[in-house]
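Side chains are part of it too, since the values below use all heavy atoms of this structure and drop only hydrogens, waters and symmetry mates. Because the structure is predicted, anything quoted here is derived from the model rather than measured.
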Number of protein chains: 2
Amino acid sequence: MHVMQVDWDDLKTVLALVRAGSLAGAGNALGVNYTTVARRIQRAEAAIGIKLFERLADGYRATETGRMVADHAAAMEVEQDAMLRLLQGQDQTLSGALVITAPQLLIGPYLGPVLDLFSRRHPQVRPWVRASNDLLDLRRREADLAIRISRAPGDTLTGLRLCAQNTAAFASPDVARRIADDPEAAIDWIVYHQTPEVPAAALAARPNARVRMVFDDMVAMVGAAQAGLGVVRMPMFLGRSTPGLVQVPAMPPQPYADIWVVAHPDVWPGAKPKAFRDLLVPHFRARWRDFVATPGPG
Amino acid sequence: MHVMQVDWDDLKTVLALVRAGSLAGAGNALGVNYTTVARRIQRAEAAIGIKLFERLADGYRATETGRMVADHAAAMEVEQDAMLRLLQGQDQTLSGALVITAPQLLIGPYLGPVLDLFSRRHPQVRPWVRASNDLLDLRRREADLAIRISRAPGDTLTGLRLCAQNTAAFASPDVARRIADDPEAAIDWIVYHQTPEVPAAALAARPNARVRMVFDDMVAMVGAAQAGLGVVRMPMFLGRSTPGLVQVPAMPPQPYADIWVVAHPDVWPGAKPKAFRDLLVPHFRARWRDFVATPGPG
DNA sequence: AATGGTACATGCAATTATGCATGTCATGCA
DNA sequence: TGCATGACATGCATAATTGCATGTACCATT
């Protein structure tokens with residue numbers, strides 16, 4: 001029996017399985033077959049001489065030793081990510097993948113044209129778009145560039161402000177007509193689960209209002225508005241660019257967080273992220289009026 | 001082309017090659033064939049898209065990027081070593097390898113019997129002895145236990161003092177006879193390269209003395225003394241246990257650093273290191289007189 | 001009780017990685 | 001100049017790893 005040695009990729013596999021809880025989940029994360037995950041775990045356990053996981057009916061559960069091993073593997077992953085970020089930041093080629101994340105509803109009308117232009121300008125670069133309303137972890141390289149709605153780029157990220165924005169009230173034409181015909185009619189609001197009340201600014205404008213439905217998904221919420229189920233407060237770019245919605249006077253336009261493009265400082269100088277920003281920033285700067293209530297200076 | 005992914009074992013291979021400077025050296029360190037090292041380096045360079053090494057006639061030389069990658073891989077290795085130390089410290093089995101390092105000349109007469117007993121007591125444990133006068137890096141797991149000559153265990157290590165010791169002057173019987181026959185005769189010293197002068201205590205006892213030869217290897221130096229080339233200051237246990245050497249009055253016995261057994265704190269509690277200490281400590285405690293000048297309390 | 005879905009275990013075939021053998025090149029020494 | 005040594009490159013055979021297919025088990029739902 002030799003001195004204890006574990007393949008580093010087996011440690012990575014242990015980490016993936018601790019995180020995922022199942023062979024299939026870990027295999028997806030690693031890009032290998034789930035039977036490969038099972039065999040690597042067996043190999044790691046043989047090398048270490050201790051069980052790292054209990055095999056349960058509904059998946060693998062890490063033992064205390066398994067969690068300890070995963071903690072160290074996570075620290076190794078931090079080093080790998082730091083290295084890869086530096087490599088990306090130094091990468092002056094315009095070929096290979098560029099991972100961009102943005103909220104789903106911002107991609108179609110605004111990122112779409114930029115991606116189209118970018119792809120024509122730089123055919124060797126493959127944009128990989130990760131639509132997500134969650135903030136992906138740029139330190140862990142879940143994306144290279146992120147378009148975010150926030151008030152600042154974030155303490156650890158480098159960013160550029162794309163434009164300011166407002167929210168306003170939008171509804172289907174039928175709902176809009178009913179509101180216009182009867183200024184005293186009750187307003188049915190469809191609200192987002194994170195702020196499940198009638199907006200304060202809306203109550204000031206039209207007090208006779210109630211929350212009719214609460215949604216936890218913005219796409220579905222927009223669909224509900226299109227279907228005439230009520231009034232939705234949404235960013236003005238979204239209301240204006242969604243067919244079947246019109247702005248209604250249920251709430252005056254409100255200030256909202258800005259739109260930013262951000263990246264990890266290590267990645268920011270890379271040629272690919274820079275090339276994408278070179279097209280993105282002018283595109284947004286040319287269309288800032290779409291995002292705010294008045295066509296004056298923002 | 002996918003998002004950049006590098007096998008972690010390939011990163012480990014990059015680190016080994018930066019350290020070794022040649023494919024063969026790296027292969028030795030990793031326990032794989034040198035052609036495997038070459039292919040893993042090619043694989044890593046393909047995955048990253050940048051050359052990590054220049055191929056020179058006398059080996060591989062890391063580029064700046066190669067060194068950066070190796071730095072991160074070294075940090076990953078620190079994590080691996082911390083994990084493995086914890087695993088070893090928690091290991092309550094008495095099977096598998098135990099790596100012990102000690103100065104060459106201490107092994108034969110003193111560790112040999114302990115190793116013999118230990119191996120009989122615990123046949124499932126395989127001692128792996130690394131004879132070295134250099135201090136191996138216990139944090140990097142170059143050894144599990146170290147027998148060292150020093151004044152303290154070291155800031156980051158856990159240790160037990162085995163015994164005190166003195167040095168004295170030893171020579172061949174012929175040289176000893178010449179010294180005894182003529183108290184005014186010049187003394188030829190053979191000295192160690194780190195302190196290449198006649199010992200001050202020797203000059204006080206016999207001022208007519210000179211450095212005849214300087215050695216950088218203790219084993220060779222002992223051999224030179226046996227061959228009658230001069231007087232050597234050495235630990236008393238060594239002089240006493242080496243055939244063909246006798247103590248000579250060229251220098252009174254001098255205080256010298258103690259002998260310790262040390263380990264990394266994470267590894268110290270493990271069953272194997274503890275079992276070895278359980279035999280080692282009594283063995284030395286029973287023979288402390290071998291190491292000092294007088295048979296009184298040390 | 002039956003069914004569908006999810007998860008894991010295992011044997012076999014395919015793919016990938018590795019080691020060996022051979023050849024080439026550069027360098028230092030006699 | 002010739003030889004020995006050390007280093008790397010490459011093709012081929014072998015060994016190891018991986019993915020696929022099949023089977024079993026468990027749980028939730030109907």
Mind checking salt bridge (Lys or Arg N to Asp or Glu O under 4.0 Å) for [X] and listing every partner two or more places apart, or none if nothing turns up?
X	answer
B:R85	B:D266
B:D188	B:R210
A:R43	A:D7, A:D10

List in numerical order all residues of residues 11-19 of chain A for which some heavy atom is under 4.0 Å away from an atom belonging to DNA chain D. none
Which nucleotide sits closest to the side chain of A:R55: C:dA9, D:dC8, C:dA7? C:dA9
ring-ring contact (aromatic ring centres under 6.0 Å, His included) partners of residues 75-105 of chain A, not counting sequence neighbours, each pair once: none
Taking for each residue the nucleotide of DNA chain D with the nearest heavy atom, is it B:L23 or A:V32 whose nucleotide lies nearer the 5' end? B:L23
For B:Y60 and for A:D7, find the nucleotide of DNA chain D with the closest heavy atom, then tell me which residue's nucleotide is more 5'. B:Y60
Whole Å only: how far is the [atom1] atom of [X] from the [atom2] atom of [N]?
X	N	atom1	atom2	answer
B:R40	D:dT17	CZ	C1'	13 Å
A:R61	C:dC8	CZ	C1'	16 Å
A:D10	D:dA16	CG	C1'	13 Å
B:L56	C:dT27	CG	P	10 Å

All N/O donor-acceptor pairs, side-chain side in residues 211-219 of chain A, below 3.5 Å, sequence neighbours left out:
residue	atom	partner	partner atom	Å
A:R212	NH1	A:L229	O	2.8
A:D217	OD2	A:V219	N	3.2
A:D217	OD2	A:A220	N	2.9

Between the protein and nucleotides 1-5 of chain D, list the N/O to N/O atom pairs that are separated by less than 3.5 angstrom.
none

By ring-ring contact (aromatic ring centres under 6.0 Å, His included) - contacts of A:F53 (at least two apart): A:Y60
Would a distance-only check, ignoring hydrogens and angles, find a side-chain to backbone donor-acceptor pair under 3.5 Å from B:R130 to B:E142? yes
Around atom CZ of A:R55, are there more than 12 heavy atoms of other residues, nucleotides or ligands at under 6.0 Å? yes
When every nucleotide of nucleotides 20-30 of chain D is labelled 5' to 3' by its protein contacts under 4.0 Å (heavy atoms), B for base, S for sugar-phosphate only, - for none, what sequence of letters results? BBB---S----
Could you pull out all donor-acceptor pairs under 3.5 Å where a side-chain atom in residues 24-33 of chain B meets a protein atom, sequence neighbours excluded?
residue	atom	partner	partner atom	Å
B:N28	ND2	B:A24	O	3.4
B:N33	OD1	B:T35	N	3.0
B:N33	OD1	B:T35	OG1	2.7

Among residues at least two apart in sequence or on other chains, which ones pass side chain to side chain contact (heavy atoms under 4.5 Å, CB included) with A:L94? A:H122, A:V125, A:A271, A:K272, A:A275
Going by atom type alone, with no hydrogens or angles, which donor-acceptor pairs under 3.5 Å involve a side-chain atom of residues 69-78 of chain A and a protein atom two or more places apart or on another chain?
residue	atom	partner	partner atom	Å
A:H72	ND1	B:E79	O	3.4
A:H72	ND1	B:E79	OE1	3.0
A:E77	OE1	A:R19	NH1	3.1
A:E77	OE1	A:R19	NH2	2.9
A:E77	OE2	A:R19	NH1	3.1

